[in-house]
Amino acid sequence: MPELPEIETIRRSLQQQVEGCRISAIDIFEKRLRRPVPAGLLHRYIENFVVRLLERRAKYLLFTFDSGAVLIIHLGMSGRLGLFDPRHPLEKHTHVVFKLSCDLEMRFRDPRRFGLIAVQQPGRTSNVLLDHLGVEPLSDEFNAEYLCDRLGKSMRPVKNVLMDATVVVGLGNIYVSEALFAAKIDPCRAAGTLTRSEVDLLVAAIKSTLLQAIAAGGTTLNDFRNGRGEAGFFQQQLMVYQRQEQPCYLCGHSVRKCVLAGRSTFFCPSCQA
DNA sequence: AACTATACCTGCAAGC
DNA sequence: TGCTTGCAGGTATAGT
């Protein structure tokens, strides 16, 4: 489900409780995620070790342990990670339970099983999941100069380039549509035709859209919840996403939907002409 | 080489 | 009511 703001919201909601906690036991109920759950590595390098750091890279949550290993969790489209009282009944599709020394359980639940759990072994620095990733959109590396270079002379729709994780990470279908609206750029525009001032606007729009969504605790369209089970509020600020056939809040023109990069794309044909 | 379409999986809403 | 269909926020990979 979640894009960068939702993952960052989950990270912040878990950090206090999880950092400094020991994982006392790991129960695996379903190994068939996007890749098989690495039971052996979890028991060897994660179980009975203490979480030192909970960070985010792209849409991955990274738990660094005092064993030197890193637990990598991705939530795919329908994944959830939350803290529960051990007495709370297990919800359907709960695949892995991490029992914490603080007497809580961190439960991974994912009906569609597009998520994944992986372990980077102690001493390893390269990782097949992370190595190819582009820059973080909220970092200083993501600026107009960088994006101009990556847009190049490409004829691809600008939306497709922004969804490309080797260019910039963390933007999914919701926030790309919203950021392009904020920058008043047509998602179909050939990437190479954007002017420098349009790229300036686009970079600023991406950063501010993501920051506003994080401040709102993410977007809860159907079932997103943070680590404490709380919904987000950014859905109240969506300008175009899933608003096809409804009037644009700025100009009143009907919002349109098209398909780009195989996914629904929402835009105002008047504001983003 | 650059790019797009497809597959992975379950749940849900809409339509019949 | 109950069936079928289409669609859903992500990513890797097969194919053009």
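Chain A is the first sequence line, chain B the second, and so forth, proteins listed ahead of strands; every chain is numbered from 1.
Grouped with Leu53(A) in a hydrophobic cluster is no other residue, since no side-chain heavy-atom contact under 4.5 Å to another Ile, Leu, Val, Met, Phe, Trp or Tyr is found. Taking Ile, Leu, Val, Met, Phe, Trp and Tyr as members and joining any whose side-chain heavy atoms lie under 4.5 Å apart, directly or through other members, Leu260(A) forms no hydrophobic cluster with any other residue.
With sequence neighbours left out, the ring-ring contact (aromatic ring centres under 6.0 Å, His included) criterion links Tyr175(A) to Phe234(A). Scanning for side-chain contact (heavy atoms from CB on, under 4.5 Å) contacts around Thr166(A) gives His132(A), Arg150(A), Asp164(A), with sequence neighbours left out. Every residue two or more places apart in sequence or in another chain was checked for a salt bridge (charged side-chain N to carboxylate O under 4.0 Å, His left out) with Glu145(A), and none qualifies.
Dashed line: the shortest gap from a side-chain N or O of Tyr241(A) to OP1 or OP2 of dG9(C) is under 4.0 Å.
The interatomic distance linking Asn222(A) (CG) with dG10(C) (P) rounds to 13 Å, in whole Å. Per the geometry, CD1 belonging to Ile7(A) stands 10 Å off P belonging to dG10(C), to the nearest Å. Distance, Gln242(A) CD to dC7(C) P: 13 Å, rounded to whole Å. Atom OH in Tyr175(A) sits roughly 9 Å away from atom C1' in dG9(C) (whole-Å rounding).
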Let me have the donor-acceptor pairs involving side chains of residues 186-205 of chain A, under 3.5 Å, with sequence neighbours excluded, atom names and distances please.
| residue | atom | partner | partner atom | Å |
| --- | --- | --- | --- | --- |
| Asp186(A) | OD1 | Cys188(A) | N | 2.8 |
| Arg189(A) | NE | Thr193(A) | OG1 | 3.0 |
| Arg189(A) | NH1 | Glu198(A) | OE2 | 3.1 |
| Arg189(A) | NH2 | Thr193(A) | O | 3.0 |
| Arg189(A) | NH2 | Glu198(A) | OE1 | 2.8 |
| Thr193(A) | OG1 | Ala190(A) | O | 2.8 |
| Thr195(A) | OG1 | Ser197(A) | OG | 3.3 |
| Thr195(A) | OG1 | Glu198(A) | N | 3.2 |
| Thr195(A) | OG1 | Glu198(A) | OE1 | 3.4 |
| Arg196(A) | NE | Asp200(A) | OD1 | 3.1 |
| Glu198(A) | OE1 | Thr195(A) | N | 2.9 |

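Within the nucleic acid shown, Ser154(A) comes within 4.0 Å of sugar-phosphate atoms alone, with no base atom in reach, counting heavy atoms only.
Listed by first and then second residue, the salt bridge (charged side-chain N to carboxylate O under 4.0 Å, His left out) pairs involving residues 94-103 of chain A are Asp27(A)-Lys99(A) (not counting sequence neighbours). Applying the ring pair (Phe, Tyr, Trp, His ring centres under 6.0 Å) test to residues at least two apart or on different chains, the pairs with a partner in residues 247-273 of chain A are Tyr241(A)-Phe266(A). Here ring pair (Phe, Tyr, Trp, His ring centres under 6.0 Å) pairs that include residues 23-69 of chain A, with residues two or more places apart or in two chains, are Tyr60(A)-His74(A).
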CA sep, side-chain torsions, deciding dist, call: Gln237(A), Glu178(A), side-chain contact (heavy atoms from CB on, under 4.5 Å)
CA-CA 10 Å; Gln237(A) 296 176 58; Glu178(A) 292 298 312; over 6 Å; no
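For DNA chain B, the outermost nucleotides in 5' to 3' order that have an atom under 4.0 Å from a heavy atom of chain A are dC3(B) to dG11(B).
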Let me have a per-nucleotide readout for nucleotides 11-16 of chain C, 5' to 3', with B, S or -, counting only protein heavy atoms under 4.0 Å.
BS----
Both distances under 3.5 Å, Watson-Crick or G-U wobble: on that basis, could you give the dot-bracket string for DNA chain C, with [ ] for crossing pairs and | for other-strand partners?
.|||||||.|||||||
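dC9(B) and dA14(C) have their P atoms separated by 16 Å, with the value rounded to a whole Å.
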